[in-house]
Structure formats: C-alpha cells, structure tokens
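Working notes, beginning with the structure itself.
For reference, positions follow the sequence shown, starting with 1.
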Amino acid sequence: MYIMKIKPEYFEKIKSGDNKYEIRLLDEKSQQFKVGDSILLKKEPDLFDGLVIRILEIRTFQRFFEMAQKMSLADLGFEGKNASEVEEIC
C-alpha cells in the first residue's frame with residue numbers, strides 16, 4: 001500500500017464522493033502504481049485523517065489542460081471551472 005499526502009479540499013471531495021478521480025503528476029513514485037493497488041491518502045497538514053482508495057484506472061496526459069479537455073471536470077472535482085482554469089490550479 002502506498003501512502004500519499006493530500007490537500008484538505010481534495011481529501012474532502014474524495015471522501016464525500018464529489019471527486020471520482022485523484023490526480024497526480026507522473027513522478028517516480030506514481031510511475032510504480034498499477035491498477036488494483038491501494039493508496040492511503042493522508043489529509044494535510046496534521047496527517048491524522050486518512051482514506052484508503054483503490055486504483056481502478058490509470059490515465060496519462062501530457063498536460064493538465066489535455067486532461068481537463070478529455071475528462072469530466074465535475075468528476076475531477078473542478079465543477080464550474082474550464083480547462084484553462086484547471087491547468088492554472090494544478
């Protein structure tokens with residue numbers, strides 16, 4: 001199981017079900033992820049609250065803008081935003 005930190009606003013969106021996807025840069029750690037793996041998301045800053053999620057799908061994009069154009073922004077936790085705004089936030 002992987003352990004990763006997550007900002008409070010994204011933690012709460014995943015916990016409530018408003019955010020159906022967790023977005024990560026394709027860094028060294030996330031390159032190891034496989035479908036079926038579990039991740040313990042620890043809510044910053046105190047890291048006391050946590051959620052265990054399972055990887056059901058892995059999608060890769062060159063830029064956040066491309067992701068925002070191809071996926072539902074509401075499912076990504078960015079309801080009411082456009083692709084350019086999402087790229088700025090990410």
Side-chain angles (χ1 to χ4, degrees):
M1 178 181 303
Y2 297 96
I3 300 173
M4 302 191 82
K5 297 176 190 175
I6 186 170
K7 292 181 180 180
E9 59 268 26
Y10 301 121
F11 179 90
E12 295 302 331
K13 286 182 179 186
I14 290 173
K15 186 176 178 181
S16 70
D18 290 340
N19 186 354
K20 295 181 173 71
Y21 293 92
E22 170 57 9
I23 303 166
R24 295 285 167 166
L25 290 175
L26 192 58
D27 62 10
E28 188 175 315
K29 185 175 190 176
S30 62
Q31 287 179 15
Q32 299 173 28
F33 295 166
K34 295 185 272 316
V35 171
D37 287 348
S38 295
I39 302 172
L40 173 58
L41 298 174
K42 300 292 280 182
K43 181 175 149 184
E44 294 179 328
D46 57 25
L47 307 177
F48 292 134
D49 292 333
L51 289 172
V52 175
I53 61 171
R54 183 172 304 274
I55 299 174
L56 302 176
E57 176 181 19
I58 297 173
R59 295 184 185 186
T60 56
F61 301 96
Q62 294 298 315
R63 296 177 39 214
F64 283 110
F65 185 80
E66 178 188 2
M67 174 201 66
Q69 288 182 311
K70 293 183 177 180
M71 296 184 69
S72 162
L73 295 181
D75 287 349
L76 294 168
F78 297 112
E79 190 166 9
K81 305 273 190 239
N82 64 42
S84 296
E85 292 171 316
V86 170
E87 187 166 51
E88 267 185 45
I89 293 168
C90 295

**Study point:** Separation of Y10 OH from D18 CG (nearest 0.5 Å)
**Key:** 13.5 Å
Exercise for review: State yes or no: do I39 and L47 share one hydrophobic cluster built from I, L, V, M, F, W and Y residues joined by side-chain heavy-atom distances below 4.5 Å, directly or via other members?
Suggested key: no
Review point. Can you get from I3 to F33 by hopping between Ile, Leu, Val, Met, Phe, Trp and Tyr side chains that sit under 4.5 Å apart?
Key: no
Point to revise | Atom CD of Q32 with >12 non-hydrogen neighbours under 6.0 angstrom | key: yes
Review point. Can you name the closest pair of heavy atoms from L41 and I14 and give their distance?
Key: CD1-CD1, 3.8 Å
Practice item. To the nearest 0.5 angstrom, please state how far the CG atom of D37 sits from the CD1 atom of I53. Key: 11.0 Å
Exercise for review: Please report the shortest heavy-atom distance between L40 and M1, naming the atom on each side.
Suggested key: CB-SD, 3.7 Å
Exercise for review: Please say whether more than 12 non-hydrogen atoms of neighbouring residues, nucleotides or ligands are located less than 6.0 Å from CD in E57.
Suggested key: yes
Check your understanding: Is atom CD of Q31 surrounded by more than 12 heavy atoms (other residues, nucleotides or ligands) closer than 6.0 Å?
Key -> yes
Study note, to complete from the structure: Between F61 and M67, the two heavy atoms sitting closest are CD1-CB, 3.5 Å
Practice item. Would you mind reporting whether F78 and I23 have side-chain heavy atoms less than 4.5 Å apart? Key: yes
Review point. Do you know which two heavy atoms are closest between E85 and K81, and how far apart they sit?
Key: OE1-CA, 3.2 Å
Check your understanding: Is the number of heavy atoms from other residues, nucleotides or ligands under 6.0 Å of K5 NZ greater than 12?
Key -> no
Review point. Roughly how far, to the nearest 0.5 Å, is CE of M71 from CZ of R59?
Key: 4.0 Å
**Study point:** R54 side chain vs G36 backbone, donor-acceptor pair below 3.5 Å
**Key:** yes
Point to revise | Reported CD-to-CD1 distance for the pair E12 and I6, which is rounded to 0.5 angstrom | key: 9.5 Å
Review point. Do M4 and R24 have side chains that get closer than 4.5 Å, going by heavy atoms?
Key: yes
Exercise for review: Grab the two heavy atoms, one from F65 and one from S84, that are nearest each other, plus how far apart they are.
Suggested key: CE1-OG, 3.6 Å
Check your understanding: Can any side-chain N or O of K13 pair as donor or acceptor with the backbone N or O of G77 at less than 3.5 Å?
Key -> yes
**Study point:** Nearest-0.5 Å distance, CG of residue D49 to CZ of residue F11
**Key:** 5.0 Å
Check your understanding: Measuring from E88:CD to N82:CG, what's the distance to the nearest 0.5 Å?
Key -> 9.0 Å
Exercise for review: Search all heavy atoms of E44 against all heavy atoms of P8 and return the closest pair with its distance.
Suggested key: O-CG, 3.2 Å
